[in-house]
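For reference, the structure discussed in these notes is given below.
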Amino acid sequence: MIITKKKDFKEFLESIRDYKSFFLIGCSECASLCGTGGEPELAAMKEALEAEGKKVTGTMLPKTGCQTLGTKIELKKDKEACAAAEAIIVMSCGAGTQSAVEIFPDKPVFPSNDTLFLGNMTRFQMFDERCSLCGQCILDKTGGICPVTACPKGLLNGPCGGTNEGKCEVSPDIECAWVRIYNRMKKLNRLDDMKKPLRPKNWAASRKPATLIAREKEEVKK
Ligand code: SF4
Ligand code: SF4
């Protein structure tokens, strides 16, 4: 899931200072789980904006904010409330915000969240970064632990000289990724696999901006 955190409200207010009326869009998926863009947060934002003398013409919680077409269809029922707003506030991730930019080409769109990383929820509203979207997954070779993400240096073939009693030299709060990988491979009886060096990564696989057409080609009917 995409991990977001709320922007500082004072700084956010500064970004919207030139506008008086807003339509608010959250997201039922990641932003709801992060507590940054679900029903309670939409209601709290409405109240906070109204306390600042702003007008909220409506709020909407799309199923998946980054699904541009689906969000556009869901917003049809709020056509008038959207038209009455000078600007749109999006309470999801940067991708959800840019869905709104496409849906509302003539209105300013403001994000109320900062988008941080792709992560796992390990406990309620506690998130850990697990994947850096490198475009060429090597988890099959590292016992399912990602060194690109879990090692601050992204080392691919064993630990650096700073590893210390299982901890990372960058912070004693972080377990050394390569010690974790070694322990896991040992448990899986796959230590021999670690003798084969990993090839240098093809960083071009994570070139931005990326585009992927995942659907199968439609069958051409004769
Ligand atoms: S190797 Fe790449 S794709 Fe696989 S988990 Fe790590 S960053 Fe993500
Ligand atoms: S101590 Fe381990 S996790 Fe930290 S930078 Fe070195 S190899 Fe990476």
Side-chain angles (χ1 to χ4, degrees), residues 1-6 27-37 63-68 70-71 90 92-99 111 113-217:
M1 59 187 284
I2 306 293
I3 312 304
T4 49
K5 74 171 175 58
K6 292 175 192 171
C27 177
S28 306
E29 303 267 3
C30 313
S32 283
L33 286 171
C34 289
T36 55
K63 194 168 176 296
T64 311
C66 56
Q67 216 273 59
T68 308
T71 302
V90 181
S92 63
C93 65
T97 303
Q98 290 177 76
S99 283
N113 294 328
D114 287 323
T115 303
L116 303 176
F117 55 87
L118 176 65
N120 293 25
M121 185 156 75
T122 44
R123 285 186 208 163
F124 179 64
Q125 289 191 349
M126 238 186 87
F127 306 98
D128 285 326
E129 187 172 16
R130 292 282 165 79
C131 173
S132 305
L133 310 172
C134 77
Q136 192 188 49
C137 196
I138 52 168
L139 287 177
D140 57 316
K141 299 176 181 68
T142 58
I145 295 165
C146 172
V148 180
T149 310
C151 167
K153 296 174 189 171
L155 297 180
L156 295 183
N157 282 295
C160 69
T163 184
N164 186 11
E165 296 185 355
K167 300 293 181 189
C168 172
E169 72 166 349
V170 172
S171 163
D173 297 332
I174 305 174
E175 280 185 83
C176 171
W178 275 99
V179 171
R180 287 175 58 207
I181 291 169
Y182 175 87
N183 289 337
R184 173 113 173 118
M185 292 296 264
K186 190 174 175 187
K187 207 174 197 175
L188 299 174
N189 206 19
R190 286 186 54 199
L191 280 180
D192 278 350
D193 290 357
M194 291 185 78
K195 292 176 184 161
K196 298 170 209 152
L198 291 179
R199 291 168 61 81
K201 276 188 79 60
N202 172 18
W203 294 108
S206 55
R207 180 180 56 88
K208 295 184 190 320
T211 300
L212 171 72
I213 299 170
R215 64 172 178 264
E216 297 287 332
K217 275 188 185 160

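The figures here come from the full heavy-atom set of this structure, side chains too, leaving out hydrogens, waters and symmetry mates. Atoms within a ligand are numbered from 1 in the order they appear, just like the ligands themselves.
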- So, Thr115 side chain and Gly94 main chain: donor-acceptor pair closer than 3.5 Å or not? yes
- Query: Atom CE in Met121, atom CE in Met1: separation rounded to 0.5 Å?
  - Reply: 6.0 Å
- Considering residues, nucleotides and ligands other than Glu165, do more than 12 of their heavy atoms fall under 6.0 Å from its CD? no
- Task: For the pair Ser99 (side chain) and Gly65 (backbone), establish whether a donor and an acceptor sit closer than 3.5 Å, ignoring hydrogens and angles.
- Result: yes
- Rounded to the nearest 0.5 Å, the CG atom of Asn183 sits from the CD atom of Glu175 at a distance of 8.5 Å
- Task: Keeping waters out of it, list the protein N, O or S atoms under 2.8 Å from atom 4 (Fe) of ligand 1.
- Result: Cys137 SG
- Query: Leaving waters out, which protein N, O or S atoms fall under 2.8 Å from atom 4 (Fe) of ligand 2?
  - Reply: Cys168 SG
- Query: Has the side chain of Thr142 got a donor or acceptor atom that lies under 3.5 Å from a matching backbone atom of Ile145?
  - Reply: yes
- Message: Out of all atoms in ligand 1, which are within 4.0 Å of some heavy atom of Leu133? Include the element for each.
- Response: 7 (S), 8 (Fe)
- Item | Any donor-acceptor N/O pair, Asn157 side chain to Leu198 backbone, under 3.5 Å | yes
- Task: Give a yes or no answer on whether the side chain of Arg190 reaches the backbone of Met185 with a donor-acceptor pair at less than 3.5 Å.
- Result: no
- Mark yes or no for whether Thr71, through its side chain, and Thr64, through its backbone, hold a donor-acceptor pair below 3.5 Å. yes
- Just wondering, more than 12 heavy atoms not from Asn189 lying within 6.0 Å of its CG? no
